Amino acid sequence: MAEKIRLEVVTPKGAVLDKDVDIVTAPGYGGEFGVLANHAPFLSTIKIGTLTYKEGDRAAHLMISGGFCEVSNNKISFLVESAEVGHEIDVDRALRAKERAEKRLAQAQQQQEKLDRTRAEAALQRALARLKVAKGQN
Amino acid sequence: MATLKEVKTKIGAVKKTSQITKAMNMVAAAKLRGAQQKMEDFRPYAGKFAKTMSTLSGSMDSSQFPLMEIREVKTVELVIASTDRGLCGSFNANIFKNADRLIKKYAQEGRKVSIVCIGKKARNYFRKTGMMRKDYVDIMSTFQMFNARAIAQDISANFLAGEADEVHILYGKFMNVAVQRPAQELILPVKPGEATGTDQAGAVSGDYIYEPSTTEIMEVLLPLYMNVVVYHAMLETNASEQAARMTAMDNATRACKDIIHNLTLLYNKARQAGITAELMDIVGGAEALK
């Protein structure tokens with residue numbers, strides 16, 4: 001097996017993950033990026049989306065929301081506001097959130113409210129990312 | 001001399017009070033465990049965040065960011081974190097004493113002071129000073145990050161508008177279960193490196209690849225960092241509050257025990273005096289019949 005990289009995911013509610021993996025892909029500022037072992041030092045902001053890592057043949061997904069990630073010394077750390085693995089996600093709640101966000105988005109678009117729109121967009125993205133991760137696990 | 005019945009009622013009342021204080025003590029102990037856990041959980045996040053911030057800011061000119069701009073300090077804003085509920089000993093009083101001292105100091109230096117209150121107790125205390133700009137109540141015990149975010153956003157906006165040139169947060173630092181200390185921290189302008197609860201394990205130098213540019217990253221991270229600082233202070237205050245309440249209620253329970261002990265002595269004495277008096281009467285009556 002090839003060399004591994006240490007993956008750490010930390011949220012304000014504590015460490016979510018801390019293990020050696022083969023590859024990590026995450027939604028960075030400039031789009032999806034992948035990190036393998038011995039990557040050069042790297043720092044990027046993180047968008048709402050799915051973090052995927054592979055351990056051998058097994059792939060796992062995490063829903064993550066805004067924050068940043070740092071790669072140094074063969075270690076990749078994500079500092080994000082929230083991170084959830086598939087089975088932790090309440091699909092019903094995410095679905096409801098999605099509907100709510102869509103409604104709000106439509107409303108905000110009519111009224112040209114910029115703040116409401118960005119908020120609704122973020123909520124929608126979070127809901128979608130949650131659903132995606134939840135489905136991927138099942 | 002108090003009558004028997006009066007003393008008995010009093011004993012009953014004190015007993016009930018001690019039941020309440022004992023229950024509050026136990027509730028505070030349970031809540032403290034939760035609050036401490038939250039603090040522990042948050043520590044790695046805050047530590048890492050601060051470390052990255054100092055790495056980043058070390059490699060660039062900080063004066064280009066409005067949130068880091070150092071201005072001549074004409075107005076100081078104090079964010080005062082207190083509790084929503086009382087009965088926690090001198091915890092709030094200590095924070096306010098510290099705040100009053102600072103306000104006085106700034107006044108002597110000819111600086112204006114504005115106050116943002118977190119928690120009912122701070123609001124009630126500073127409401128009449130006319131310096132209060134905003135208050136947030138009933139948010140302490142929820143442990144929600146978005147509460148901290150709202151506060152952070154508000155004080156940043158105020159700072160950026162030039163309404164305040166320096167923002168400090170005052171809170172109760174949790175040293176251990178027995179000791180909580182009023183603490184003060186500078187929030188704005190942001191000065192990374194003197195961050196909260198960090199292991200200053202040396203700024204990692206090296207050629208990082210930044211995506212997007214360092215400047216843009218900084219612009220994203222600065223507001224997030226403010227959340228971290230505010231949230232941290234709130235967590236500390238919360239844990240301190242529970243610890244202070246635990247100690248206060250423990251003391252109250254003990255005081256109740258003392259009072260009950262004394263009252264019981266009094267009661268027994270009064271009872272004995274009554275019996276003696278009755279005996280004297282009987283003996284006196286019997287003597288008179290002879």
Side-chain angles (χ1 to χ4, degrees), chain A residues 6-19 24-36 38-49 64-84 97 114-116 118-120 122-123 126, chain B residues 34 36-57 59-60 143-150 153 157 196-197 201-225 227-232 234-235:
Chain A
R6 185 131 199 113
L7 168 69
E8 261 184 5
V9 179
V10 188
T11 71
K13 290 200 176 117
V16 179
L17 262 183
D18 187 7
K19 56 164 102 178
V24 181
T25 36
Y29 169 82
E32 197 90 357
F33 65 89
V35 174
L36 286 161
N38 297 322
H39 194 284
F42 172 65
L43 203 139
S44 169
T45 52
I46 297 291
K47 290 197 279 199
I48 298 164
I64 51 173
S65 67
F68 66 94
C69 110
E70 186 180 2
V71 185
S72 67
N73 301 329
N74 205 22
K75 190 167 103 181
I76 176 162
S77 340
F78 285 86
L79 268 86
V80 285
E81 295 208 339
S82 66
E84 289 162 30
K114 196 162 170 264
L115 187 71
D116 278 359
T118 27
R119 269 197 198 152
R126 272 199 299 275
Chain B
Q36 249 180 312
Q37 187 60 47
K38 292 249 164 47
M39 230 164 54
E40 298 275 309
D41 289 346
F42 186 59
R43 203 163 284 157
Y45 184 80
K48 278 209 167 216
F49 211 115
K51 211 166 122 193
T52 308
M53 285 296 280
S54 65
T55 315
L56 257 176
S57 63
S59 65
M60 68 180 75
F143 296 113
Q144 292 292 343
M145 186 97 182
F146 63 76
N147 286 325
R149 193 178 315 151
Q153 271 167 2
T196 37
V204 191
S205 59
D207 304 314
Y208 272 79
I209 306 166
Y210 293 103
E211 190 180 302
S213 69
T214 45
T215 329
E216 280 169 89
I217 292 184
M218 216 42 185
E219 261 154 25
V220 176
L221 291 198
L222 275 173
L224 282 178
Y225 184 64
N227 297 349
V228 171
V229 177
V230 175
Y231 191 57
H232 174 254
M234 283 170 66
L235 285 180

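When reading the values below, keep in mind they use all heavy atoms of this one structure, side chains included, and skip hydrogens, waters and symmetry mates. Bear in mind that the values here come from a model prediction, so they are computed numbers and not experimental data.
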More than 12 non-hydrogen atoms from neighbouring residues, nucleotides or ligands closer than 6.0 Å to CZ on Arg119(A), yes or no?
no
Gap between atom NZ of Lys51(B) and atom OG of Ser72(A) - 0.5 Å precision
7.0 Å
Compare every heavy atom of Tyr208(B) with every heavy atom of Val71(A), then report the nearest pair and how far apart it is.
O-CE2, 3.7 Å
What part of Leu235(B) lies closer than 4.5 angstrom to a heavy atom of chain A: side chain, backbone, both or neither?
neither
Let me know if Phe68(A) has heavy atoms under 4.5 Å from chain B in its side chain, its backbone, both or neither.
side chain
Per-residue contact mode, Ile217(B) against chain A (heavy atom under 4.5 angstrom)
both
Those residues at least two apart in sequence (or on a different chain) that pass side chain to side chain donor-acceptor pair (under 3.5 Å) with Thr52(B) are Glu70(A)
Got a sec, which residues hit side chain to side chain donor-acceptor pair (under 3.5 Å) with Glu81(A), two or more places apart in sequence or on another chain?
Arg149(B)
Tell me, side chain or backbone of Glu216(B) under 4.5 Å from chain A's heavy atoms, or both, or neither?
side chain
Heavy-atom closest pair (Ala40(A) atom, Ile209(B) atom, distance to 0.1 Å) is CB-CD1, 3.9 Å
Of the non-hydrogen atoms in Pro212(B) and Thr45(A), which two are nearest, and what is the gap between them?
CD-OG1, 3.6 Å
